[in-house]
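Since this is a predicted model, take the numbers as computed values, not measurements.
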Amino acid sequence: MIEGFTAPGFEPVAEAFERNFTDLGEVGAAFSAYHQGERVVDLWGGQADPETGRRWRADTVQLVFSGTKGLAAACALLLVERGVLDLDAPAARYWPEFAAAGKAGITVGDILSHQARLPGVRERIGLDDLLDHETMAKLLADQAPETDPRAAFIYHALTWGWLVDELVRRVDGRSVGEFFTDEFARPLELDTWIGLPDEHHDRASTMLAAPGFLLTAEPPSTDPLVVLTHNPLVVPGTPAFWNSPEFRQAGLAAVGAFTTARSMARFYASLAAGGSLDGVRVLEAATVELGRRERRRGLSALSGSQMAYGAGFELATDAQVFGPAPDAFGHVGAGGSRHGAWPGKQVAFSYAMNEARAEYPDRRSRALLNALHEAVTALG
């Protein structure tokens with residue numbers, strides 16, 4: 001079931017990958033890693049679609065949910081580098097309508113680091129509305145920020161994407177998906193899209209929800225913040241929506257990227273090397289450092305889990321969701337995917353899978369990242 005390769009010294013990673021199938025019931029997955037600018041692990045296996053028996057291939061692309069946020073963050077950071085966005089400027093400087101309802105002081109950096117106090121949309125919306133960027137951006141521009149103290153630093157699962165995407169559109173004219181393709185995917189030759197083109201839909205795996213992953217149809221309590229942040233994308237019935245052509249095409253900047261693990265690892269390898277890989281520079285080293293410089297750290301007000309963010313990038317915490325490296329940064333995806341870099345060890349990695357699970361930290365990614373860390377450490 002397992003295909004691909006590992007460079008000498010990285011064989012334990014392949015063994016961990018295989019155990020994920022034999023011991024942990026993995027359905028379909030891929031794992032890739034770079035070390036010192038070279039690809040050292042590239043593995044895939046299992047089923048891309050268990051119902052049809054379609055196997056996971058070298059070119060299978062996978063929905064990575066919030067792994068998308070790391071890609072979108074790089075887009076915003078490139079615009080900061082070019083001087084058309086300022087992290088410390090009010091978002092309303094670029095998006096005047098955003099100043100409505102008391103949001104004039106919310107900065108670009110606040111939005112990128114989950115401090116915008118807009119963790120959900122108050123208006124009742126349907127799944128189709130989530131795919132309409134203009135509708136969602138207007139709703140957020142009109143909405144007042146939450147006054148509940150717990151909202152000062154809270155994960156913006158979906159709204160982060162509409163906010164960042166609208167800022168990019170206002171200063172550049174392109175959507176985040178278009179911007180990423182032009183400025184990162186093409187130069188680095190990535191099979192990564194925020195909005196999957198029609199001609200690549202047959203490469204996409206079928207996303208599955210393991211028992212216990214989906215939320216209840218209705219919020220589990222009447223707490224207003226719980227109600228507001230109840231994610232409509234992970235309730236009963238939504239897996240069919242994840243796999244629909246409409247969702248795949250939509251390009252949600254928070255949760256809509258499709259990629260191979262190989263390409264996602266290559267993207268982070270460029271960042272781990274200071275923004276340049278194989279002679280292609282996508283960001284200046286100082287811009288990468290700005291993106292991973294800590295802006296806020298604390299506990300989630302609702303789950304109690306540890307959170308730490310730079311300008312869009314998720315940072316290492318004691319939970320070690322990016323492995324044991326204390327300088328890790330990147331972004332996780334709901335259900336288990338992990339994508340990021342360990343700059344101090346010149347390592348980048350991506351784990352993508354098609355069965356979303358509720359366990360956190362995820363044992364599958366933890367086993368792979370621990371094996372990768374041990375292999376790199378052994379090499380000295």
Side-chain angles (χ1 to χ4, degrees), residues 1-2 4 6 9-35 40-46 56 62-67 69-70 155 207-213 259 261-262 264-265 268-269 272 297 299-300 303-309 313-379:
M1 293 178 64
I2 308 305
T6 55
F10 290 87
E11 295 86 356
V13 181
E15 294 166 6
F17 187 70
E18 186 166 7
R19 284 195 298 272
N20 280 353
F21 287 89
T22 58
D23 298 353
L24 299 180
E26 185 80 275
V27 177
F31 183 73
S32 188
Y34 276 70
H35 181 226
V40 293
V41 179
D42 192 23
L43 301 166
W44 62 90
W56 197 292
Q62 174 62 45
L63 172 64
V64 293
F65 285 131
S66 285
K69 291 184 174 74
Y155 188 57
M207 195 73 189
L208 311 168
F213 175 73
T259 183
R262 181 184 311 108
M264 195 70 121
Y268 277 105
R297 180 178 295 267
L299 297 178
S300 167
S303 70
S305 59
Q306 299 176 62
M307 296 170 54
Y309 286 93
F313 292 123
E314 193 172 357
L315 308 179
T317 68
D318 291 343
Q320 296 190 353
V321 295
F322 297 118
D327 63 345
F329 74 99
H331 217 288
V332 306
S337 75
R338 303 287 183 266
H339 322 278
W342 305 331
K345 291 188 175 293
Q346 299 180 61
V347 167
F349 56 84
S350 174
Y351 164 66
M353 76 298 133
N354 64 352
E355 185 179 63
R357 299 182 181 179
E359 66 177 27
Y360 186 87
D362 191 289
R363 288 178 295 166
R364 299 168 296 177
S365 60
R366 173 154 286 189
L368 292 167
L369 294 175
N370 284 345
L372 178 64
H373 193 271
E374 289 169 8
V376 171
T377 301
L379 291 174

Practice problem: List the steps, then state whether side-chain contact (heavy atoms from CB on, under 4.5 Å) holds for Leu299 with Met307. | Solution: CA-CA 6 Å; Leu299 297 178; Met307 296 170 54; over 6 Å; no
Quiz prompt | Worked verdict on Lys345 versus Thr377 for side-chain contact (heavy atoms from CB on, under 4.5 Å) | solution = CA-CA 8 Å; Lys345 291 188 175 293; Thr377 301; 3.7 Å; yes
Quiz prompt | Verdict with supporting geometry, Ile2 and Phe17, side-chain contact (heavy atoms from CB on, under 4.5 Å) | solution = CA-CA 8 Å; Ile2 308 305; Phe17 187 70; 3.8 Å; yes
Exercise. Carefully, step by step, assess Phe21 and Asp23 under the rule side-chain contact (heavy atoms from CB on, under 4.5 Å).
Key: CA-CA 6 Å; Phe21 287 89; Asp23 298 353; over 6 Å; no
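Under the 3.5 Å distance criterion, the side-chain polar atoms of Asn354 are matched with a main-chain donor or acceptor of Gly28. Under the 3.5 Å distance criterion, the side-chain polar atoms of Glu355 are left unmatched by any main-chain donor or acceptor of Val27. With Asp327 contributing its side chain and Gly344 its backbone, the two residues share a donor-acceptor pair below 3.5 Å. Judged by distance alone, with hydrogens and angles left aside, the side-chain atoms of Gln62 form no donor-acceptor pair with the main-chain N or O of Ala261 at under 3.5 Å. Side chain of Arg338 to backbone of Gly336: a donor-acceptor contact under 3.5 angstrom is found. Listed for the Thr6 side chain is no donor-acceptor partner under 3.5 Å among the backbone atoms of Ala14. Checking side-chain atoms of His331 against main-chain N and O of Ser66 turns up a donor-acceptor pair under 3.5 Å. Remark: the backbone N or O of Arg363 is paired with a side-chain donor or acceptor of Glu359 at under 3.5 angstrom. The backbone N or O of Gly9 lies less than 3.5 Å from a partner atom in the side chain of Glu11, making a donor-acceptor pair. The backbone N or O of Asp362 sits less than 3.5 Å from a side-chain atom of Ser365, completing a donor-acceptor pair.
Classified by interplanar angle (parallel below 30°, tilted 30° to 60°, perpendicular above 60°), the ring pair Tyr309/Tyr155 is parallel. Under the 30°/60° scheme for interplanar angles, the aromatic rings of Phe329 and Tyr268 are found to stand perpendicular.
Nearest heavy-atom pair, Ser350 versus Ala265, reported as atom, atom and distance to 0.1 Å: CB-N, 3.7 Å. Residues Ala29 and Met353 share a closest heavy-atom pair of CB-CB, 3.9 Å. Of all heavy-atom pairs between Arg262 and Tyr34, the closest is O-CE1, 4.2 Å. The two residues Val347 and Val376 have their closest heavy-atom pair at CG2-CG2, 3.7 Å. Annotation for Ala371 and Ala16: closest pair CB-CB, 4.1 Å, computed over non-hydrogen atoms. Closest approach of Thr317 and Ala308 over heavy atoms only: CG2-CB, 3.9 Å.
In this structure, Gln320 places its CD atom where more than 12 heavy-atom neighbours from other residues, nucleotides or ligands lie under 6.0 Å away.
For the atom pair Arg364 CZ and Ser337 OG, the distance stands at 9.5 Å (nearest 0.5 Å). Taking CZ of Phe322 as the reference point, atom CG of Leu315 lies at 8.0 Å (rounded to 0.5 Å). Leu43 CG to Phe31 CZ: the interatomic distance, rounded to the nearest 0.5 Å, is 8.0 Å. Within the model, atoms CG of Asp318 and OG of Ser305 stand 12.5 Å from one another, a figure rounded to the nearest 0.5 Å. The distance from atom CZ of Arg19 to atom CG of Leu368, rounded to the nearest 0.5 Å, is 9.0 Å.
At least one side-chain heavy atom of Leu379 sits under 4.5 Å from a side-chain heavy atom of Phe10.
Aromatic rings of Trp342 and Phe349 (six-membered ring for Trp) have centroids within the 6.0 Å cut-off, being under it.
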